[in-house]
Asker: 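The structure under discussion is supplied below as structure tokens; questions concerning it will follow.
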Amino acid sequence: QVRLVESGGGLVQAGDSLRLSCAASGLTFSDYAMGWFRQAPGKEREFVATISWRGAIKNYADSVKGRFTISRDNAKNTVYLEMNSLKPEDTAVYYCGSRRAPQVAVTPREYYYWGQGTQVTVSS
């Protein structure tokens with residue numbers, strides 16, 4: 001059974017930092033690209049960042065480029081999202097997803113497994 005479990009969300013002030021983690025089990029983690037997406041109330045799930053199977057390729061949404069960093073530790077079956085200079089518009093539920101392919105992707109439909117999400121709230 002595949003499980004993706006996100007953690008690290010919380011309530012912070014604008015300008016603060018957070019580090020999200022997503023622990024995977026039940027799949028060959030090191031074979032697959034991973035991604036982070038977010039969904040605010042009343043909005044569709046949107047792409048945040050993605051990383052290839054060995055971490056060599058990373059893509060970011062323009063809205064987070066330069067502030068967020070995605071990384072992975074294949075020995076720990078974990079993908080991370082370091083978020084700096086947080087803004088109120090970053091407020092959302094953040095989800096990690098796993099592809100069943102090694103290449104990065106930026107649309108939710110290209111991801112096969114999903115975690116339950118972790119809430120990030122940024123106050124102004």
Side-chain angles (χ1 to χ4, degrees):
Q1 180 183 359
V2 175
R3 290 193 69 200
L4 301 178
V5 180
E6 301 96 335
S7 61
L11 171 62
V12 297
Q13 293 187 332
D16 285 350
S17 299
L18 278 176
R19 187 195 197 201
L20 305 184
S21 300
C22 172
S25 60
L27 76 168
T28 308
F29 180 80
S30 58
D31 284 353
Y32 301 140
M34 299 293 294
W36 285 97
F37 291 75
R38 65 188 182 187
Q39 189 166 16
K43 295 188 177 181
E44 294 187 351
R45 190 168 298 192
E46 67 170 0
F47 166 71
V48 175
T50 181
I51 186 168
S52 61
W53 63 312
R54 291 188 176 182
I57 298 173
K58 303 175 185 180
N59 287 348
Y60 298 92
D62 288 343
S63 59
V64 307
K65 205 170 292 184
R67 299 188 297 122
F68 290 11
T69 302
I70 189 171
S71 62
R72 66 189 297 159
D73 185 338
N74 286 347
K76 295 182 178 179
N77 285 4
T78 301
V79 61
Y80 304 96
L81 185 68
E82 184 75 34
M83 306 187 295
N84 298 316
S85 302
L86 282 162
K87 303 176 181 179
E89 50 263 44
D90 294 319
T91 295
V93 178
Y94 282 70
Y95 298 91
C96 76
S98 172
R99 301 201 67 211
R100 291 205 296 188
Q103 302 91 351
V104 297
V106 301
T107 59
R109 63 178 176 82
E110 296 176 280
Y111 287 76
Y112 198 80
Y113 302 110
W114 292 95
Q116 82 291 346
T118 185
Q119 176 71 47
V120 172
T121 303
V122 185
S123 64
S124 57

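Since this is a predicted model, take the numbers as computed values, not measurements. Counting from 1, the numbers follow the sequence of the chain as shown.
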Asker: What distance do Ile57 atom CD1 and Ser52 atom OG have between them, rounded to the nearest 0.5 Å?
Answerer: 4.5 Å
Asker: Around Lys65, counting heavy atoms of other residues, nucleotides and ligands shown, do more than 12 lie under 6.0 Å from its NZ?
Answerer: yes
Asker: Do any pairs count as a ring pair (Phe, Tyr, Trp, His ring centres under 6.0 Å) and have a residue in residues 32-69, sequence neighbours left out, and if so which ones?
Answerer: Phe37-Phe47, Phe37-Tyr111, Phe37-Trp114
Asker: So, applying side chain to side chain contact (heavy atoms under 4.5 Å, CB included) with Tyr94, which one of Met83, Gln119, Glu6 is it?
Answerer: Met83
Asker: Where is the tightest heavy-atom contact between Phe29 and Asn74, given as atom of each residue plus distance?
Answerer: CE2-OD1, 3.1 Å
Asker: Less than 4.0 angstrom from a charged side-chain N to a carboxylate O is my criterion; do Asp90 and Lys87 meet it?
Answerer: no
Asker: For Leu4, is there any backbone N or O sitting under 3.5 Å from a side-chain donor or acceptor partner on Ser25?
Answerer: no
Asker: Please give me the minimum heavy-atom distance between Ser17 and Asn84, naming the atom from each residue.
Answerer: OG-OD1, 2.8 Å
Asker: How close do Ala14 and Ser124 get, heavy atom to heavy atom, and via which atoms?
Answerer: CB-CA, 4.4 Å
Asker: I need the Asp31 CG to Ser98 OG distance, nearest 0.5 Å.
Answerer: 9.5 Å
Asker: What pairs with Gln103 under side-chain hydrogen bond (donor to acceptor under 3.5 Å, both in side chains), at least two apart in sequence or on another chain?
Answerer: none
Asker: Going through the checks in order, is the side chain to side chain contact (heavy atoms under 4.5 Å, CB included) test met by Lys76 and Ser21?
Answerer: CA-CA 11 Å; Lys76 295 182 178 179; Ser21 300; over 6 Å; no
Asker: Given 3.5 Å as the limit, does a donor-acceptor pair link the side chain of Arg45 with the main chain of Tyr95, or not?
Answerer: no
Asker: Distance check, rounded to the nearest 0.5 Å: Arg38 atom CZ versus Cys96 atom SG?
Answerer: 15.5 Å
Asker: Taking all atoms of both residues into account, what is the closest heavy-atom pair of Ile51 and Val104, and its distance?
Answerer: C-CG1, 3.6 Å
Asker: With a 6.0 Å cut-off (strictly less than), is the heavy-atom count around NZ of Lys58, excluding the residue itself, greater than 12?
Answerer: yes
Asker: Evaluate the side-chain proximity of Asp16 to Val122: yes if any heavy-atom separation is below 4.5 Å, no if none is.
Answerer: no
Asker: Which distance, rounded to the nearest 0.5 Å, do you find between the OG of Ser30 and the CG of Asp73?
Answerer: 11.0 Å
Asker: Would you say that Pro108 contacts Gln39 through its side chain, given a criterion of any heavy-atom pair below 4.5 Å between the two side chains?
Answerer: no
Asker: How far apart are the closest heavy atoms of Ser85 and Arg67, and which atoms are they?
Answerer: O-NH1, 2.9 Å
Asker: Might you work through the side chain to side chain contact (heavy atoms under 4.5 Å, CB included) test for Tyr113 and Arg100, ending with a clear yes or no?
Answerer: CA-CA 8 Å; Tyr113 302 110; Arg100 291 205 296 188; 3.9 Å; yes
Asker: Give the minimum heavy-atom separation between Ala33 and Pro102, together with the two atoms involved.
Answerer: CB-O, 3.5 Å
Asker: Starting at CG of Leu81, measure out to CE of Met34 and round the result to the nearest 0.5 Å.
Answerer: 11.5 Å
Asker: Atom OG1 in Thr78, atom CG in Leu20: separation rounded to 0.5 Å?
Answerer: 12.5 Å
Asker: Using modelled atom types only, decide if a donor and an acceptor are shared between the side chain of Arg99 and the backbone of Glu110 within a distance under 3.5 Å.
Answerer: yes
